[in-house]
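Report on one structure; see the data block that follows.
Residues: numbered from 1 along the sequence shown.
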Amino acid sequence: MAESPVLKKKREEGENGAAESQKEGAAAAGFPLADLSVRRVLRESARDKTIFLHGQVKSASGDGTDAVVILEKTPFQEDNISQLLKKYTKLQLQMSNDIYSTYHLYLPPELNEVKTTVVYPATEKHLQKYLRREVYLIQETGADYDTITLPFIESQSFSIQWVYNILEKKAEADRIIYENPDPTNGFVLIPDLKWDQKQLDDLYLIAICHCRGIKSLRDLTAEHLPLLRNISKEGKEAIVKHFGAAGAQLRVYLHYQPSYYHLHVHFTSLGYDAPGSSVERAHLLSDVIDNLELDSRYYQKRTLTFALRADEPLLKKFQEAGRV
């Protein structure tokens with residue numbers, strides 16, 4: 001991968017140039033994991049085999065610098081299964097009942113990889129972002145969007161310069177799988193950083209439109225149907241050409257609310273339970289196209305449901321307006 005997940009987290013939050021330089025320097029030097037002192041578990045998921053840690057790295061002066069370390073068990077790789085079963089056959093019995101039994105199988109490091117994502121130095125904002133919070137469902141009407149959500153978006157300094165860097169080939173140009181260069185109805189297709197591109201089971205790509213000014217689903221009208229159809233048709237063709245995954249094996253959708261306010265479309269393997277693919281956030285691209293064909297202003301009128309964490313400023317705006 002040309003860019004680490006840490007840099008993606010940084011760029012999405014629009015941090016300033018000084019913080020960027022600090023992080024890039026830390027990444028280049030290598031993160032001192034052995035010097036990390038764990039302060040607390042921010043969040044964990046047994047289902048996803050992931051844990052989020054708040055730690056501190058002590059400097060020479062004795063001061064502690066905050067870090068977020070995310071440990072995630074990687075998926076099995078088909079190429080390693082044969083080696084695993086033939087060479088490491090010692091099992092430790094845990095339970096046996098009739099024809100069913102469970103064991104512990106202990107693997108050597110090279111077959112027991114843990115994906116490690118580091119945010120370092122980490123700010124209080126990062127710690128709060130990864131901390132487990134209560135979640136609330138919001139039912140946002142068209143009027144709510146105009147009076148609450150849109151003013152909030154416009155009041156924030158969400159940086160999407162990293163998106164423009166991709167579109168202008170200033171960054172990640174070597175990662176682009178496909179491009180339709182049309183400035184109005186074109187897009188680039190690029191692997192999401194959550195996908196290691198080693199297997200198709202967790203395939204994940206993003207189509208980013210060239211047209212600027214389309215923030216989210218709420219901005220779409222029938223005027224954008226050629227763009228959406230291009231993304232659907234050409235994105236699927238590019239994926240089958242490069243990765244052999246047919247369109248019928250893909251989940252193609254938009255997020256609302258999105259993680260950044262420049263229109264983009266997610267392509268994931270249908271069998272992969274990707275983050276953000278749940279019903280309260282994901283809107284199938286095929287459904288979006290159908291709805292706009294029926295009514296050009298469908299997404300300006302419709303009530304949209306989405307989840308917000310208790311610490312998110314937008315939730316406070318809805319609470320102040322008496323909408324939660």
Between Ser159 and Gln161, do the side chains contain a donor N or O and an acceptor N or O under 3.5 Å apart? no

Give the minimum heavy-atom separation between Asn185 and Asn180, together with the two atoms involved. O-ND2, 4.0 Å

Enumerate the residue pairs fulfilling ring-ring contact (aromatic ring centres under 6.0 Å, His included) with a member in residues 279-324, sequence neighbours excluded, ordered by first and then second residue. Tyr256-Phe306

Kindly say whether the aromatic ring centers of Trp195 and Phe267 come within a distance under 6.0 Å. no

Does Gln300 CD have over 12 foreign heavy atoms under 6.0 Å away? yes

Excluding sequence neighbours, so at least two apart, what forms side chain to side chain contact (heavy atoms under 4.5 Å, CB included) with Leu71? Ile51, Leu53, Val69, Val114, Thr116

Does one side chain, of Thr149 or Glu140, offer a donor that lies under 3.5 Å from an acceptor on the other? yes

Go through it in stages, so that I can follow the logic: the residues are Ile138 and Arg323, the test is side-chain contact (heavy atoms from CB on, under 4.5 Å), and I'd like the CA-CA distance, side-chain angles, deciding distance and then a yes or no. CA-CA 8 Å; Ile138 304 297; Arg323 296 291 291 124; over 6 Å; no

Is it true that Asp35 and Lys58 make a salt bridge, defined as a side-chain N closer than 4.0 Å to a carboxylate O? no

Give a yes or no on whether a salt bridge exists between Asp295 and Arg297, defined as a side-chain N under 4.0 angstrom from a carboxylate O. no

How are the rings of His264 and Tyr260 set relative to one another: parallel (under 30°), tilted (30 to 60°) or perpendicular (over 60°)? parallel

Which heavy atom of Tyr253 sits nearest to which heavy atom of Pro275, and what is that distance? OH-O, 4.3 Å

Verdict with reasoning, Ile206 to Val265, per side-chain contact (heavy atoms from CB on, under 4.5 Å): CA-CA 6 Å; Ile206 301 288; Val265 176; over 6 Å; no

SB check Arg229 Glu234 (cutoff 4.0 Å): no

Drop me the distance from His126's NE2 to Phe52's CZ, to the nearest 0.5 angstrom. 13.5 Å

More than 12 non-hydrogen atoms from neighbouring residues, nucleotides or ligands closer than 6.0 Å to CZ on Arg132, yes or no? no

To the nearest 0.5 Å, what is the distance between NZ on Lys236 and CD1 on Ile239? 9.5 Å

Is it true that, when you exclude Glu134 itself, more than 12 heavy atoms of the residues, nucleotides or ligands shown sit nearer than 6.0 Å to its CD? no

Is Glu237 paired with Lys241 through a side-chain N to carboxylate O contact shorter than 4.0 Å? no

Rounding to 0.5 Å, atoms CD (Gln56) and OG1 (Thr65) come to a distance of 7.5 Å

Interatomic distance, Asp146 atom CG to Arg218 atom CZ [nearest 0.5 angstrom]: 8.0 Å

Around atom NZ of Lys169, are there more than 12 heavy atoms from other residues, nucleotides or ligands closer than 6.0 Å? yes

I'd like to know if the side chain of Lys233 and the backbone of Asn230 have a donor-acceptor N/O pair within less than 3.5 Å. no

Distance col, row His210:NE2 vs Ile166:CD1, nearest 0.5 angstrom, shows 11.0 Å

May I ask you to check whether over 12 heavy atoms, not counting those of Arg39, lie within 6.0 Å of atom CZ? no

Reported CG-to-SG distance for the pair Leu167 and Cys211, which is rounded to 0.5 angstrom: 10.5 Å

Is it possible for you to check whether Lys194 lies under 6.0 Å from the centre of the six-membered ring of Tyr204, through NZ or CZ, and within 45° of that ring's axis? yes

Do the side chains of Glu44 and Lys73 get close enough for a salt bridge, i.e. N-O under 4.0 angstrom? no

Could you tell me which residues satisfy ring-ring contact (aromatic ring centres under 6.0 Å, His included) with His54, sequence neighbours excluded, listed by chain and number? none

